[in-house]
Amino acid sequence: MRLAHLFAATLAASMGVSVTPSLGAETVNIYSARHYDSDDLLYDGFEAATGIEVNVIEADAPALIARLNAEGANSPADVFLTVDAGSLWLAEKEDLFQPVTTPTLSTHIPASLRNPDDLWYGFSTRVRLIFVNPDKVDPALVQKYESLADPRLRGQICMRTSSQVYNLSLMGAMIERLGAAGAQQWANGVVANFAREPQGNDTSLILSVAAGECGVTIANHYYYIRLQRSANPQEMAATERVRPIFPDQDGVGTHVNISGAGVLVHAPHKDNAIRFLEYLASAQAQRIFVSASDEFPALETVALPASLLALGTFKRDPVNVSVYGKNQSEAQMIFDRAGWN
Ligand SMILES: [Fe+2]
């Protein structure tokens with residue numbers, strides 16, 4: 001059902017015509033940069049709960065933002081859904097969102113996980129962990145993000161490219177913690193410790209550390225969980241050769257990011273869009289986020305599945321995730337000056 005909607009919409013778009021929702025039916029049109037099959041469960045749950053039909057167009061965040069800008073006031077899109085507060089900020093700075101405040105959203109979503117002007121909300125969280133191969137690097141040396149600049153880690157660090165939004169947001173957080181000069185010093189130190197030029201993605205970097213190609217990397221927690229239950233026995237075994245570390249437990253806490261969404265400024269179905277956001281904040285949808293994509297729920301009363309409980313309890317950086325966007329251009333300049341490609 002959903003695929004049919006998706007293809008119809010994509011086909012229409014490729015022909016240069018706008019998406020026409022089925023006559024008479026209540027609909028909500030979502031532009032999503034989340035790439036998780038599990039999101040279909042969320043859409044199904046919303047349709048079952050409300051009778052509102054969900055249409056989805058999926059692409060990466062910059063492509064969807066460009067499309068929203070091109071469509072302008074004629075856009076059929078009601079909601080923009082994406083991973084990373086830094087990507088929500090890209091849409092925010094193009095004035096693509098309208099503020100939405102409801103009692104459900106205000107009560108269910110902690111203030112640190114939403115835009116201060118209620119332009120977007122985080123519905124799940126992910127944490128960026130340090131992964132270490134204990135045969136190569138003493139885990140005691142890498143208990144903080146700042147430690148990755150320690151000269152004792154020369155030739156040990158593998159990283160993704162700096163333009164990747166997860167790293168831009170982490171640097172945004174480091175700017176908040178250390179100031180721009182401190183963050184620059186940190187970036188310079190990390191680059192000096194690189195085992196190789198930045199490459200790969202979170203999954204391949206965890207595997208590189210497991211294989212001993214480098215001793216340390218940074219990756220989001222759910223990639224580790226997915227490897228732990230991989231159908232490929234070698235990937236599963238690799239997770240036993242790396243140790244996840246929750247950084248900064250003695251400091252401000254581990255860097256937190258979100259998956260989030262906001263209602264678009266030209267939403268043709270604004271009421272349905274608000275109901276969709278409220279659904280994402282509901283206990284039912286929060287359980288789907290948790291069980292199907294290995295993210296942490298934004299709603300703190302939702303029980304965690306075994307895979308997340310196994311990671312243990314930890315302290316989170318309480319900073320409002322909106323600062324990552326605010327600091328994003330400075331973050332990129334710091335990376336560039338450090339030579340972090
Ligand atoms: Fe991801």
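We count residues from 1, following the sequence as given. In listed order, ligands and their atoms are each counted from 1.
- Counted by atom type alone, R34 and S259 present one or more donor-acceptor pairs between their side chains at under 3.5 Å.
- With no hydrogens or angles considered, no side-chain donor-acceptor pair links R128 and Y166 at under 3.5 Å.
- Side-chain contact of R316 with T125: a donor-acceptor pair under 3.5 Å is present, judged by distance alone.
- The aromatic ring centroids of F131 and Y223 lie 6.0 Å or more from each other.
- Only protein atoms were considered; those of element N, O or S under 2.8 Å from the Fe ion (ligand 1) number 3.
- The ring of H269 has its center no closer than 6.0 angstrom to the ring center of F276.
- Remark: aromatic rings of W340 and F194 are close, center separation under 6.0 Å.
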